[in-house]
2 protein chains.
Amino acid sequence: MHDVTHSHAGARDRLERQLAFLVEADRLKGVLRQTTLCDRSRAENSAEHSWHLALVALVLAEHAPDVDGARVLRMLLVHDLVEIDAGDAFAYDASANVGKEERERAAAARIYGLLPEDQAEELRELWDEFEAGETRAARVAVAIDRLQPLLLNHHSGGGSWKAHGVGRAAVMRRMAPIEAALPSLWPTVLDVVERNCALGHIAP
Amino acid sequence: MHDVTHSHAGARDRLERQLAFLVEADRLKGVLRQTTLCDRSRAENSAEHSWHLALVALVLAEHAPDVDGARVLRMLLVHDLVEIDAGDAFAYDASANVGKEERERAAAARIYGLLPEDQAEELRELWDEFEAGETRAARVAVAIDRLQPLLLNHHSGGGSWKAHGVGRAAVMRRMAPIEAALPSLWPTVLDVVERNCALGHIAP
């Protein structure tokens with residue numbers, strides 16, 4: 001715990017920076033993804049997507065019993081904030097992903113930088129860990145970030161796969177991290193992919 | 001940790017229930033609140049609201065250093081799910097809150113009941129704890145649920161206060177739980193209320 005009471009002015013400034021960050025975060029609700037809600041009424045935004053991922057992490061935690069679930073949760077809650085500046089690049093669109101890394105690094109510096117320095121560093125580390133995808137916690141978080149759009153696409157009748165003519169090989173590459181990170185989910189993932197191929201929601 | 005591997009069929013059924021719950025949760029994105037986003041573009045929905053609350057809990061955790069932050073997070077992530085069936089009752093509308101408790105209890109039974117029994121009970125307990133508002137963790141979660149709309153109303157030029165002509169006394173009653181649960185936030189809350197009274201966003 002940091003000393004937040006060493007001076008009244010310091011504590012006030014610290015709180016103001018925390019609140020400025022939280023108000024800026026509101027803008028993530030305006031970043032639209034390619035995935036639609038299950039009822040197809042509209043595109044999902046990145047804020048509600050982040051909530052849904054956190055709920056998936058909470059409910060499926062037992063499928064990764066070796067992992068610090070609280071860290072996975074924290075990672076999922078903050079990992080999309082960079083999209084406020086950088087936008088959401090559709091995973092299956094290679095051209096949209098050109099320069100993505102650089103845009104997101106600049107966004108991370110600005111957005112996490114609104115926080116007091118120690119917290120900026122802490123949240124930036126969570127984001128770096130997610131992006132690197134090397135720790136077990138990050139691998140589980142990434143797998144959840146792949147699983148949730150699969151569920152939405154499946155329940156919205158093909159969703160972004162169908163809208164963009166995404167093929168089986170591309171879907172399988174995208175889903176691959178789930179096999180190692182959440183092996184007990186993998187048979188279900190394969191089953192959903194096969195069913196959507198059969199339905200013509202995923203191109204051959 | 002529960003034994004989820006005692007039989008293949010049992011594990012498969014358990015996972016199916018978890019996924020059915022997670023797909024049903026998608027509907028929370030369609031439940032609209034009276035609060036608008038800071039840019040006033042539209043009403044906030046309860047899913048992105050839940051994400052925002054979790055982010056507030058994460059960033060302001062040091063203001064309640066005695067509390068289990070992970071439990072507050074979990075409580076905030078699941079506390080609004082009942083609104084899928086019961087809708088969001090505007091806090092300042094007494095008539096909308098008639099029968100709310102009964103509607104929400106039925107909703108909790110159905111929605112948490114989609115999960116495997118042990119998880120249904122666990123999430124139901126989190127919701128009961130939030131609703132009762134008796135533990136320190138619940139008091140902090142409730143305070144965060146009051147603080148976030150204050151920030152949005154303030155930054156959207158009066159938001160739901162102005163739209164519904166909400167008065168100072170009603171706002172102060174609504175904000176009161178923050179004083180004891182997050183005392184270091186209280187001067188800021190008072191300041192925001194006074195400024196919005198002065199601006200005519202909150203009625204005298």
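Per chain, numbering begins at 1; letters A, B, ... match sequence-line order.
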Should L151(B) and D26(A) count as side-chain neighbours, where that means a heavy-atom distance under 4.5 Å? no
dist T36(B):OG1 -> K29(A):NZ (nearest 0.5 Å) comes out at 9.5 Å
dist R74(B):CZ -> L73(A):CG (nearest 0.5 Å) comes out at 7.5 Å
Where L55(A) and F21(B) come nearest, the two heavy atoms and their spacing: CD2-CE2, 4.1 Å
Under a 4.5 Å cutoff for heavy-atom pairs, which residue among L123(B), V78(B), V56(B) has the most contacts with chain A? V56(B)
Please classify the contact between R27(A) and chain B as side chain, backbone, both or neither, with a heavy-atom cut-off of under 4.5 Å. neither
Taking atom OG of S50(A) and atom NE2 of H52(B), what is their separation to the nearest 0.5 Å? 11.5 Å
Can you tell me if CD on E194(B) sees more than 12 non-hydrogen neighbours from other groups inside 6.0 Å? yes
Interchain contact, L28(A) with chain B, by part (heavy-atom threshold 4.5 Å): side chain
OG1/T188(A) to CD/Q18(B) distance, rounded to the nearest 0.5 angstrom? 10.0 Å
Just by distance, no angles: are the side chains of E48(B) and H49(A) close enough, under 3.5 Å, to form a donor-acceptor pair? no
I144(B) side, atom CD1; L22(A) side, atom CG - distance, nearest 0.5 Å: 9.5 Å
Okay, D80(A) and chain B: the region with an atom under 4.5 Å from a heavy atom over there is neither
Looking at S46(B), A25(B), A70(B), which makes the most heavy-atom pairs under 4.5 Å with chain A? A25(B)
Working for side-chain contact (heavy atoms from CB on, under 4.5 Å), residues N45(A) and N45(B): CA-CA 11 Å; N45(A) 71 60; N45(B) 71 61; 4.3 Å; yes
Please tell me if the side chains of P187(A) and R12(B) come closer than 4.5 Å, counting only heavy atoms from C-beta onward. yes
Close side-chain approach of L15(B) to S184(A), heavy-atom, < 4.5 Å: no
Nearest 0.5 Å, what's the CG-CG distance between L147(B) and L19(A)? 6.5 Å
Which one wins on heavy-atom pair count under 4.5 Å against chain B: L185(A), L115(A), D39(A)? L185(A)
Which portion of E16(A) sits near chain B, non-hydrogen atoms under 4.5 angstrom: neither
Which portion of S41(A) sits near chain B, non-hydrogen atoms under 4.5 angstrom: neither
